[in-house]
Engineer: 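Take this structure, written in C-alpha coordinates, and hold onto it; I'll ask about it next.
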Amino acid sequence: MPTHKLLLLPGDGIGPEVMAEVKRLIAWMNDHGLGRFDYEEGLVGGAAYDAHGVAVTDDTMAKAQAADAVIFGAVGGPKWDKVPYDVRPEAGLLRLRKELKLFANLRPAICYPALAESSSLKREVVDGLDIVIVRELTGGVYFGEPKTITDLGNGQKRAVDTQVYDTYEIERIARVAFELARKRRNKVTSMEKRNVMKTGVLWNEVMTVLHKREFSDVQLEHVLADAGGMQLVRWPKQFDVIVTDNLFGDMLSDVAAMLTGSLGMLPSASLGEVDPKTKKRRALYEPVHGSAPDIAGKGVANPIAMLASFGMALRYSFDLGRDADLIDEAIANVLATGYRTADIASPGATVVGTREMGEAVIREMKRLAAA
Ligand SMILES: NC(=O)c1ccc[n+]([C@@H]2O[C@H](COP(=O)([O-])OP(=O)(O)OC[C@H]3O[C@@H](n4cnc5c(N)ncnc54)[C@H](O)[C@@H]3O)[C@@H](O)[C@H]2O)c1
(Lines give C-alpha, C1' and ligand atoms only; values in the text may rest on other atoms or scores of the structure.)
Protein backbone atom coordinates (compact mmCIF):
# COMPACT_ATOMS: atom_id res chain seq x y z
CA MET A 1 0.00 0.00 0.00
CA PRO A 2 1.56 3.36 -1.00
CA THR A 3 2.08 6.09 1.60
CA HIS A 4 0.28 9.31 0.71
CA LYS A 5 1.98 12.55 1.70
CA LEU A 6 -0.37 15.29 2.88
CA LEU A 7 0.21 18.88 3.85
CA LEU A 8 -2.45 20.09 6.29
CA LEU A 9 -2.97 23.86 6.41
CA PRO A 10 -5.68 24.52 9.04
CA GLY A 11 -5.49 28.34 8.77
CA ASP A 12 -7.60 30.64 10.96
CA GLY A 13 -10.89 30.80 12.88
CA ILE A 14 -12.75 27.48 12.71
CA GLY A 15 -10.09 26.10 10.29
CA PRO A 16 -8.07 24.37 13.05
CA GLU A 17 -11.26 23.12 14.76
CA VAL A 18 -12.61 21.35 11.67
CA MET A 19 -9.12 20.16 10.65
CA ALA A 20 -8.83 18.40 14.03
CA GLU A 21 -11.63 16.09 12.86
CA VAL A 22 -9.74 15.30 9.65
CA LYS A 23 -6.71 14.38 11.77
CA ARG A 24 -8.90 12.09 13.85
CA LEU A 25 -10.20 10.48 10.65
CA ILE A 26 -6.67 10.04 9.25
CA ALA A 27 -5.52 8.41 12.49
CA TRP A 28 -8.46 6.02 12.36
CA MET A 29 -7.85 5.15 8.69
CA ASN A 30 -4.14 4.56 9.36
CA ASP A 31 -4.94 2.35 12.38
CA HIS A 32 -7.48 0.30 10.46
CA GLY A 33 -5.40 -0.23 7.33
CA LEU A 34 -7.76 1.81 5.14
CA GLY A 35 -4.85 3.81 3.76
CA ARG A 36 -1.45 5.01 4.78
CA PHE A 37 -1.19 8.74 5.27
CA ASP A 38 1.76 10.79 6.43
CA TYR A 39 1.14 14.41 7.11
CA GLU A 40 2.94 17.62 7.92
CA GLU A 41 1.24 20.77 9.10
CA GLY A 42 1.89 24.39 8.16
CA LEU A 43 0.62 27.88 8.81
CA VAL A 44 -1.40 29.86 6.31
CA GLY A 45 -3.42 33.09 6.34
CA GLY A 46 -3.55 35.22 9.47
CA ALA A 47 -1.74 32.53 11.48
CA ALA A 48 1.22 32.69 9.06
CA TYR A 49 1.12 36.48 9.08
CA ASP A 50 1.32 36.57 12.89
CA ALA A 51 4.28 34.18 12.92
CA HIS A 52 6.19 35.26 9.80
CA GLY A 53 4.71 38.48 8.43
CA VAL A 54 3.46 36.79 5.23
CA ALA A 55 0.31 34.85 4.36
CA VAL A 56 2.30 31.75 3.42
CA THR A 57 6.08 31.21 3.62
CA ASP A 58 8.37 29.89 0.86
CA ASP A 59 9.07 26.91 3.08
CA THR A 60 5.36 26.03 3.29
CA MET A 61 5.05 26.54 -0.48
CA ALA A 62 7.90 24.06 -1.02
CA LYS A 63 6.08 21.54 1.19
CA ALA A 64 2.87 22.12 -0.77
CA GLN A 65 4.74 21.46 -4.03
CA ALA A 66 6.17 18.23 -2.61
CA ALA A 67 2.90 16.92 -1.10
CA ASP A 68 0.55 14.50 -2.89
CA ALA A 69 -2.33 16.70 -1.74
CA VAL A 70 -2.86 19.86 0.31
CA ILE A 71 -5.78 19.85 2.76
CA PHE A 72 -6.76 23.43 3.53
CA GLY A 73 -9.06 24.77 6.29
CA ALA A 74 -10.00 28.45 6.00
CA VAL A 75 -8.28 31.81 6.33
CA GLY A 76 -9.11 35.35 7.41
CA GLY A 77 -10.89 37.21 10.16
CA PRO A 78 -11.36 40.73 11.55
CA LYS A 79 -7.99 40.58 13.34
CA TRP A 80 -6.23 40.91 9.97
CA ASP A 81 -8.58 43.34 8.24
CA LYS A 82 -5.97 46.10 8.31
CA VAL A 83 -2.83 44.20 7.31
CA PRO A 84 -1.15 45.27 4.02
CA TYR A 85 -3.02 44.01 0.93
CA ASP A 86 -0.31 41.70 -0.41
CA VAL A 87 0.07 39.86 2.92
CA ARG A 88 -3.64 39.65 3.75
CA PRO A 89 -4.78 36.12 4.73
CA GLU A 90 -6.47 35.38 1.36
CA ALA A 91 -3.13 36.04 -0.39
CA GLY A 92 -1.92 32.71 1.04
CA LEU A 93 -4.68 30.77 -0.68
CA LEU A 94 -4.24 32.70 -3.94
CA ARG A 95 -0.50 31.97 -3.95
CA LEU A 96 -1.15 28.27 -3.42
CA ARG A 97 -3.71 28.19 -6.26
CA LYS A 98 -1.40 30.10 -8.57
CA GLU A 99 1.89 28.32 -7.91
CA LEU A 100 0.32 24.86 -7.84
CA LYS A 101 -1.38 25.87 -11.13
CA LEU A 102 -4.80 24.68 -9.94
CA PHE A 103 -6.95 25.31 -12.99
CA ALA A 104 -9.97 23.12 -12.22
CA ASN A 105 -12.32 23.79 -9.34
CA LEU A 106 -14.74 20.98 -8.48
CA ARG A 107 -17.73 21.87 -6.36
CA PRO A 108 -20.17 19.06 -5.64
CA ALA A 109 -23.70 20.00 -4.64
CA ILE A 110 -25.12 17.10 -2.69
CA CYS A 111 -28.42 17.26 -0.86
CA TYR A 112 -28.62 14.63 1.85
CA PRO A 113 -32.25 13.47 2.20
CA ALA A 114 -32.14 14.32 5.92
CA LEU A 115 -31.41 17.97 5.08
CA ALA A 116 -33.78 18.48 2.14
CA GLU A 117 -36.04 20.63 4.33
CA SER A 118 -33.30 23.21 4.90
CA SER A 119 -33.06 24.04 1.18
CA SER A 120 -35.07 27.03 -0.04
CA LEU A 121 -36.47 24.80 -2.82
CA LYS A 122 -39.15 22.13 -2.53
CA ARG A 123 -38.05 18.76 -1.15
CA GLU A 124 -38.79 16.86 -4.37
CA VAL A 125 -36.56 19.25 -6.35
CA VAL A 126 -33.44 18.74 -4.19
CA ASP A 127 -33.86 15.49 -2.26
CA GLY A 128 -31.01 13.17 -3.29
CA LEU A 129 -29.38 15.79 -5.52
CA ASP A 130 -25.79 14.89 -6.46
CA ILE A 131 -24.14 17.07 -9.11
CA VAL A 132 -20.65 18.57 -9.59
CA ILE A 133 -19.77 21.93 -11.08
CA VAL A 134 -16.36 22.02 -12.75
CA ARG A 135 -15.23 25.63 -12.99
CA GLU A 136 -12.20 26.86 -14.92
CA LEU A 137 -10.18 28.70 -12.28
CA THR A 138 -7.11 30.38 -13.76
CA GLY A 139 -8.28 31.98 -17.02
CA GLY A 140 -11.14 34.03 -18.44
CA VAL A 141 -12.30 37.49 -17.55
CA TYR A 142 -10.81 37.59 -14.04
CA PHE A 143 -7.28 37.40 -15.43
CA GLY A 144 -7.46 38.50 -19.11
CA GLU A 145 -5.53 41.59 -20.25
CA PRO A 146 -6.15 44.44 -20.79
CA LYS A 147 -7.80 45.04 -17.45
CA THR A 148 -7.98 48.79 -16.97
CA ILE A 149 -9.94 51.84 -15.90
CA THR A 150 -9.16 54.82 -18.15
CA ASP A 151 -10.11 58.43 -17.47
CA LEU A 152 -11.68 59.68 -20.69
CA GLY A 153 -11.22 63.30 -19.60
CA ASN A 154 -14.84 64.34 -20.12
CA GLY A 155 -16.03 63.37 -16.67
CA GLN A 156 -16.34 59.78 -17.87
CA LYS A 157 -14.23 56.75 -17.19
CA ARG A 158 -14.01 53.50 -19.16
CA ALA A 159 -13.49 50.13 -17.45
CA VAL A 160 -12.30 47.14 -19.44
CA ASP A 161 -12.08 43.48 -18.47
CA THR A 162 -11.02 40.96 -21.07
CA GLN A 163 -12.52 37.50 -21.44
CA VAL A 164 -9.87 35.36 -23.11
CA TYR A 165 -9.50 31.59 -23.52
CA ASP A 166 -7.00 29.55 -25.54
CA THR A 167 -7.81 26.11 -26.91
CA TYR A 168 -5.52 24.32 -24.42
CA GLU A 169 -7.24 25.93 -21.44
CA ILE A 170 -10.66 24.77 -22.59
CA GLU A 171 -9.39 21.33 -23.55
CA ARG A 172 -7.77 20.59 -20.18
CA ILE A 173 -10.85 21.61 -18.16
CA ALA A 174 -13.05 19.62 -20.55
CA ARG A 175 -10.85 16.58 -19.97
CA VAL A 176 -11.30 16.90 -16.18
CA ALA A 177 -15.08 17.07 -16.65
CA PHE A 178 -15.29 14.08 -19.02
CA GLU A 179 -13.03 11.93 -16.83
CA LEU A 180 -15.09 12.84 -13.78
CA ALA A 181 -18.35 11.99 -15.57
CA ARG A 182 -16.98 8.56 -16.45
CA LYS A 183 -16.70 7.85 -12.71
CA ARG A 184 -20.24 9.13 -12.11
CA ARG A 185 -23.40 9.07 -14.26
CA ASN A 186 -21.53 9.66 -17.51
CA LYS A 187 -23.07 12.97 -18.52
CA VAL A 188 -21.43 16.38 -19.08
CA THR A 189 -23.31 19.63 -19.60
CA SER A 190 -21.13 22.40 -21.04
CA MET A 191 -22.34 25.94 -20.34
CA GLU A 192 -21.23 29.08 -22.23
CA LYS A 193 -22.76 31.99 -24.15
CA ARG A 194 -21.89 31.15 -27.75
CA ASN A 195 -24.81 33.28 -28.93
CA VAL A 196 -23.07 36.52 -27.82
CA MET A 197 -19.43 35.71 -26.95
CA LYS A 198 -16.53 34.58 -29.13
CA THR A 199 -15.05 32.71 -26.16
CA GLY A 200 -18.37 30.86 -26.00
CA VAL A 201 -18.05 29.87 -29.67
CA LEU A 202 -14.53 28.52 -29.11
CA TRP A 203 -15.54 26.82 -25.83
CA ASN A 204 -18.38 25.03 -27.59
CA GLU A 205 -16.15 24.01 -30.52
CA VAL A 206 -13.32 22.65 -28.36
CA MET A 207 -15.75 20.69 -26.15
CA THR A 208 -17.39 19.16 -29.21
CA VAL A 209 -14.12 18.19 -30.90
CA LEU A 210 -12.56 16.68 -27.78
CA HIS A 211 -15.77 14.80 -27.03
CA LYS A 212 -15.81 13.25 -30.49
CA ARG A 213 -12.10 12.44 -30.41
CA GLU A 214 -11.68 10.97 -26.92
CA PHE A 215 -14.91 10.82 -24.93
CA SER A 216 -17.72 9.74 -27.26
CA ASP A 217 -18.85 7.21 -24.61
CA VAL A 218 -19.87 10.15 -22.36
CA GLN A 219 -23.11 12.02 -23.04
CA LEU A 220 -22.38 15.69 -23.85
CA GLU A 221 -24.97 18.45 -23.97
CA HIS A 222 -24.50 22.19 -24.57
CA VAL A 223 -26.67 24.66 -22.67
CA LEU A 224 -26.44 28.46 -22.75
CA ALA A 225 -25.20 29.60 -19.33
CA ASP A 226 -28.23 31.78 -18.56
CA ALA A 227 -30.65 28.97 -19.41
CA GLY A 228 -28.40 26.65 -17.38
CA GLY A 229 -28.82 28.91 -14.34
CA MET A 230 -32.56 28.69 -14.75
CA GLN A 231 -32.52 24.90 -15.09
CA LEU A 232 -30.30 24.64 -12.03
CA VAL A 233 -33.06 25.98 -9.80
CA ARG A 234 -35.94 24.48 -11.80
CA TRP A 235 -34.82 20.82 -11.95
CA PRO A 236 -31.18 20.41 -10.85
CA LYS A 237 -31.32 16.60 -10.83
CA GLN A 238 -31.20 16.60 -14.67
CA PHE A 239 -27.45 17.37 -14.41
CA ASP A 240 -24.46 15.22 -13.51
CA VAL A 241 -21.26 17.19 -14.29
CA ILE A 242 -21.52 20.83 -15.39
CA VAL A 243 -18.40 22.37 -16.92
CA THR A 244 -18.09 26.09 -17.41
CA ASP A 245 -15.70 29.05 -17.45
CA ASN A 246 -14.36 31.07 -14.54
CA LEU A 247 -17.04 33.79 -14.44
CA PHE A 248 -20.12 31.63 -15.07
CA GLY A 249 -18.66 28.95 -12.80
CA ASP A 250 -18.25 31.43 -9.97
CA MET A 251 -21.94 32.29 -10.10
CA LEU A 252 -23.41 28.91 -10.99
CA SER A 253 -21.46 27.10 -8.27
CA ASP A 254 -22.80 29.49 -5.63
CA VAL A 255 -26.33 28.96 -6.91
CA ALA A 256 -25.82 25.19 -6.80
CA ALA A 257 -24.36 25.47 -3.30
CA MET A 258 -27.50 27.04 -1.95
CA LEU A 259 -29.64 24.20 -3.27
CA THR A 260 -28.21 22.09 -0.51
CA GLY A 261 -28.73 24.11 2.67
CA SER A 262 -25.71 25.13 4.75
CA LEU A 263 -22.20 26.37 3.97
CA GLY A 264 -20.93 23.96 6.60
CA MET A 265 -21.79 21.03 4.30
CA LEU A 266 -19.93 21.97 1.12
CA PRO A 267 -16.56 20.51 0.12
CA SER A 268 -14.41 21.47 -2.87
CA ALA A 269 -11.33 20.39 -4.79
CA SER A 270 -8.94 22.38 -6.94
CA LEU A 271 -6.89 20.32 -9.37
CA GLY A 272 -3.82 21.06 -11.48
CA GLU A 273 -2.03 19.25 -14.30
CA VAL A 274 -0.92 15.64 -14.09
CA ASP A 275 2.87 15.51 -13.73
CA PRO A 276 4.05 13.36 -16.68
CA LYS A 277 6.86 11.87 -14.55
CA THR A 278 5.04 10.99 -11.34
CA LYS A 279 1.56 10.68 -12.97
CA LYS A 280 0.26 12.59 -9.95
CA ARG A 281 -1.97 15.61 -10.12
CA ARG A 282 -1.40 18.71 -8.00
CA ALA A 283 -4.42 19.20 -5.78
CA LEU A 284 -5.83 21.24 -2.92
CA TYR A 285 -8.98 20.30 -1.02
CA GLU A 286 -10.92 22.77 1.10
CA PRO A 287 -14.39 23.45 2.44
CA VAL A 288 -16.29 26.20 0.63
CA HIS A 289 -16.92 28.09 3.87
CA GLY A 290 -14.61 30.69 5.39
CA SER A 291 -13.10 31.00 8.86
CA ALA A 292 -16.48 31.84 10.50
CA PRO A 293 -15.03 34.23 13.13
CA ASP A 294 -18.50 34.56 14.69
CA ILE A 295 -18.39 30.97 15.97
CA ALA A 296 -14.61 30.33 16.12
CA GLY A 297 -13.30 28.87 19.38
CA LYS A 298 -16.73 27.69 20.53
CA GLY A 299 -16.47 24.10 19.34
CA VAL A 300 -19.75 24.35 17.41
CA ALA A 301 -18.54 24.52 13.78
CA ASN A 302 -19.85 21.87 11.40
CA PRO A 303 -16.90 19.65 10.36
CA ILE A 304 -18.80 17.90 7.52
CA ALA A 305 -17.56 20.18 4.68
CA MET A 306 -13.98 19.62 5.87
CA LEU A 307 -14.40 15.85 6.25
CA ALA A 308 -16.07 15.63 2.83
CA SER A 309 -13.19 17.66 1.35
CA PHE A 310 -10.80 15.02 2.67
CA GLY A 311 -13.16 12.46 1.10
CA MET A 312 -12.65 14.23 -2.24
CA ALA A 313 -8.88 13.89 -1.77
CA LEU A 314 -9.33 10.15 -1.31
CA ARG A 315 -11.41 9.97 -4.51
CA TYR A 316 -9.49 12.29 -6.83
CA SER A 317 -5.87 12.17 -5.59
CA PHE A 318 -5.55 8.64 -4.25
CA ASP A 319 -8.10 6.62 -6.20
CA LEU A 320 -9.64 5.46 -2.92
CA GLY A 321 -13.21 5.81 -4.15
CA ARG A 322 -14.55 3.11 -1.83
CA ASP A 323 -13.19 4.88 1.23
CA ALA A 324 -14.59 8.18 -0.05
CA ASP A 325 -17.99 6.46 -0.45
CA LEU A 326 -17.66 5.24 3.13
CA ILE A 327 -17.23 8.81 4.38
CA ASP A 328 -20.21 10.05 2.33
CA GLU A 329 -22.40 7.18 3.46
CA ALA A 330 -21.40 7.69 7.10
CA ILE A 331 -22.25 11.40 6.87
CA ALA A 332 -25.67 10.61 5.34
CA ASN A 333 -26.43 8.00 8.04
CA VAL A 334 -25.34 10.24 10.93
CA LEU A 335 -27.60 13.00 9.61
CA ALA A 336 -30.44 10.52 9.15
CA THR A 337 -30.21 9.54 12.83
CA GLY A 338 -30.90 13.17 13.73
CA TYR A 339 -27.40 14.36 14.66
CA ARG A 340 -26.95 18.03 13.76
CA THR A 341 -24.48 20.81 14.40
CA ALA A 342 -26.14 24.13 15.22
CA ASP A 343 -26.01 25.47 11.63
CA ILE A 344 -28.20 22.62 10.33
CA ALA A 345 -30.29 22.02 13.45
CA SER A 346 -33.99 21.29 13.02
CA PRO A 347 -36.74 20.72 15.58
CA GLY A 348 -36.26 17.43 17.42
CA ALA A 349 -32.63 17.00 16.29
CA THR A 350 -29.74 16.10 18.61
CA VAL A 351 -27.53 19.19 18.47
CA VAL A 352 -23.85 18.33 18.87
CA GLY A 353 -20.52 20.16 18.64
CA THR A 354 -17.65 19.83 16.16
CA ARG A 355 -15.92 17.01 17.97
CA GLU A 356 -19.06 14.94 18.63
CA MET A 357 -20.04 15.22 14.96
CA GLY A 358 -16.53 14.13 13.85
CA GLU A 359 -16.63 11.21 16.27
CA ALA A 360 -20.12 10.20 15.14
CA VAL A 361 -19.01 10.07 11.49
CA ILE A 362 -15.99 7.92 12.35
CA ARG A 363 -18.09 5.64 14.55
CA GLU A 364 -20.50 5.13 11.65
CA MET A 365 -17.62 4.48 9.23
CA LYS A 366 -16.37 1.82 11.63
CA ARG A 367 -19.82 0.21 11.70
CA LEU A 368 -20.17 0.32 7.90
CA ALA A 369 -16.65 -1.05 7.37
CA ALA A 370 -17.37 -3.98 9.71
CA ALA A 371 -20.77 -4.77 8.16
N1 LIG B 1 -11.44 29.94 1.45
C2 LIG B 1 -11.40 30.68 2.53
O3 LIG B 1 -10.53 30.53 3.37
C4 LIG B 1 -12.48 31.71 2.76
C5 LIG B 1 -13.71 31.65 2.07
C6 LIG B 1 -14.69 32.58 2.39
C7 LIG B 1 -14.45 33.54 3.35
N8 LIG B 1 -13.22 33.59 3.95
C9 LIG B 1 -12.92 34.55 5.04
O10 LIG B 1 -13.59 34.10 6.23
C11 LIG B 1 -13.92 35.22 7.03
C12 LIG B 1 -15.40 35.18 7.35
O13 LIG B 1 -16.15 35.33 6.14
P14 LIG B 1 -17.72 35.16 6.02
O15 LIG B 1 -18.32 35.37 7.38
O16 LIG B 1 -18.16 35.98 4.90
O17 LIG B 1 -17.94 33.65 5.53
P18 LIG B 1 -17.92 32.31 6.39
O19 LIG B 1 -18.09 31.19 5.43
O20 LIG B 1 -16.73 32.26 7.26
O21 LIG B 1 -19.22 32.40 7.32
C22 LIG B 1 -20.52 32.72 6.84
C23 LIG B 1 -21.58 32.24 7.85
O24 LIG B 1 -21.66 30.81 7.79
C25 LIG B 1 -21.35 30.23 9.04
N26 LIG B 1 -20.49 29.06 8.81
C27 LIG B 1 -19.48 28.96 7.92
N28 LIG B 1 -18.89 27.76 8.00
C29 LIG B 1 -19.54 27.09 8.98
C30 LIG B 1 -19.38 25.80 9.55
N31 LIG B 1 -18.43 24.94 9.13
N32 LIG B 1 -20.20 25.44 10.55
C33 LIG B 1 -21.16 26.26 10.98
N34 LIG B 1 -21.38 27.51 10.49
C35 LIG B 1 -20.56 27.91 9.50
C36 LIG B 1 -20.60 31.30 9.83
O37 LIG B 1 -20.75 31.13 11.23
C38 LIG B 1 -21.22 32.57 9.29
O39 LIG B 1 -22.38 32.88 10.00
C40 LIG B 1 -13.51 36.46 6.23
O41 LIG B 1 -12.26 36.88 6.70
C42 LIG B 1 -13.42 35.97 4.81
O43 LIG B 1 -12.51 36.70 4.04
C44 LIG B 1 -12.26 32.69 3.70
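Only this structure's heavy atoms are used, side chains among them; waters, hydrogens and symmetry mates stay out. Every number for a ligand or one of its atoms is a count from 1 in the order of the listing.
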Engineer: May I ask you to list the atoms of ligand 1 that are less than 4.0 angstrom from any heavy atom of G264?
Structural biologist: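 Those of ligand 1 that fall under 4.0 Å from G264 are 30 (C), 31 (N).
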Engineer: Could you identify the single nearest non-hydrogen protein atom to atom 23 (C) of ligand 1 and state the distance to 0.1 Å?
Structural biologist: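 Checking every protein heavy atom, the shortest distance to atom 23 (C) of ligand 1 gives L263 CD1, 4.3 Å.
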Engineer: Pick out which of Q231, H222, E221, Q219 makes a side chain to side chain donor-acceptor pair (under 3.5 Å) with T189.
Structural biologist: E221
Engineer: List the closest protein heavy-atom neighbour of atom 42 (C) of ligand 1: residue, atom name, distance to the nearest 0.1 Å.
Structural biologist: E90 OE2, 3.9 Å
Engineer: Taking only heavy atoms of I14 into account, list the atoms of ligand 1 that are under 4.0 Å away from them.
Structural biologist: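 Taking each heavy atom of I14 in turn, ligand 1 has 28 (N), 29 (C), 30 (C), 31 (N) under 4.0 Å.
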Engineer: Hey, which atoms in ligand 1 end up nearer than 4.0 Å to a heavy atom of L93?
Structural biologist: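 Counting atoms of ligand 1 from 1, those under 4.0 Å from L93 are 1 (N).
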Engineer: Tell me, which protein residue and heavy-atom name are nearest atom 7 (C) of ligand 1, and how many Å apart are they?
Structural biologist: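 Looking only at protein heavy atoms, the one closest to atom 7 (C) of ligand 1 is G290 CA, 3.5 Å.
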Engineer: Can you see which heavy atom on N302 is nearest to which on V18, and at what distance?
Structural biologist: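 The pair with the smallest heavy-atom distance is O-CG1, 3.6 Å.
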Engineer: Looking at ligand 1, does any of its N/O atoms fall within less than 3.5 Å of an N/O of V75?
Structural biologist: yes
Engineer: Using a plain distance cutoff, I'd like to know if A292 has any nitrogen or oxygen under 3.5 Å from a nitrogen or oxygen of ligand 1.
Structural biologist: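 N/O-N/O distance below 3.5 Å exists for this pair.
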Engineer: Determine the minimum heavy-atom distance between E21 and P303, stating which atoms define it.
Structural biologist: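 So the two residues come closest at CG-CB, 3.8 Å.
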Engineer: Quick test of your reading of the structure: of V44, L9, I295, whose heavy atom lies closest to atom 34 (N) of ligand 1?
Structural biologist: I295
Engineer: Any idea how F310 and F37 line up, ring-wise: parallel (<30°), tilted (30 to 60°), or perpendicular (>60°)?
Structural biologist: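 Ring orientation, 0 to 90° scale: perpendicular.
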Engineer: Under a 4.0 Å heavy-atom limit, does E286 contact ligand 1 with its side chain, its backbone, both, or neither?
Structural biologist: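 Answer for E286: side chain.
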Engineer: Quick one: does any side-chain atom of T341 pair with a main-chain N or O of V352 as donor and acceptor, under 3.5 Å?
Structural biologist: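 No.
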Engineer: Among protein heavy atoms, which lies nearest atom 32 (N) of ligand 1, and at what distance?
Structural biologist: N302 N, 2.9 Å
Engineer: Among protein heavy atoms, which lies nearest atom 37 (O) of ligand 1, and at what distance?
Structural biologist: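 Ranking protein heavy atoms by distance from atom 37 (O) of ligand 1, first comes D294 OD1, 2.8 Å.
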Engineer: Identify, for atom 41 (O) of ligand 1, the protein heavy atom at the shortest distance, and state residue, atom and that distance.
Structural biologist: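 For this ligand atom, the closest protein heavy atom is G77 N, 3.0 Å.
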Engineer: Could you pull out, from S291, P287, A305, A301, the option with a heavy atom nearest to atom 11 (C) of ligand 1?
Structural biologist: S291
Engineer: For G139, is there any backbone N or O sitting under 3.5 Å from a side-chain donor or acceptor partner on N246?
Structural biologist: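 Looks like yes, one N/O pair under 3.5 Å.
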Engineer: Quick one: nearest non-hydrogen protein atom to atom 27 (C) of ligand 1, plus distance?
Structural biologist: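 Checked against all protein heavy atoms, atom 27 (C) of ligand 1 sits closest to H289 CB, 3.6 Å.
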Engineer: Measure from the side-chain N and O atoms of R185 to the backbone N and O of F239, and report whether any donor-acceptor pair falls under 3.5 Å.
Structural biologist: yes
Engineer: Just wondering, more than 12 heavy atoms not from K237 lying within 6.0 Å of its NZ?
Structural biologist: yes
Engineer: Taking only heavy atoms of A74 into account, list the atoms of ligand 1 that are under 4.0 Å away from them.
Structural biologist: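 Under 4.0 Å from A74, ligand 1 has these atoms: 3 (O).
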Engineer: Nearest heavy atom to atom 12 (C) of ligand 1 wins, so pick from A296, P293, G76.
Structural biologist: P293
Engineer: CD1/I71 to NZ/K23 distance, rounded to the nearest 0.5 angstrom?
Structural biologist: 12.5 Å
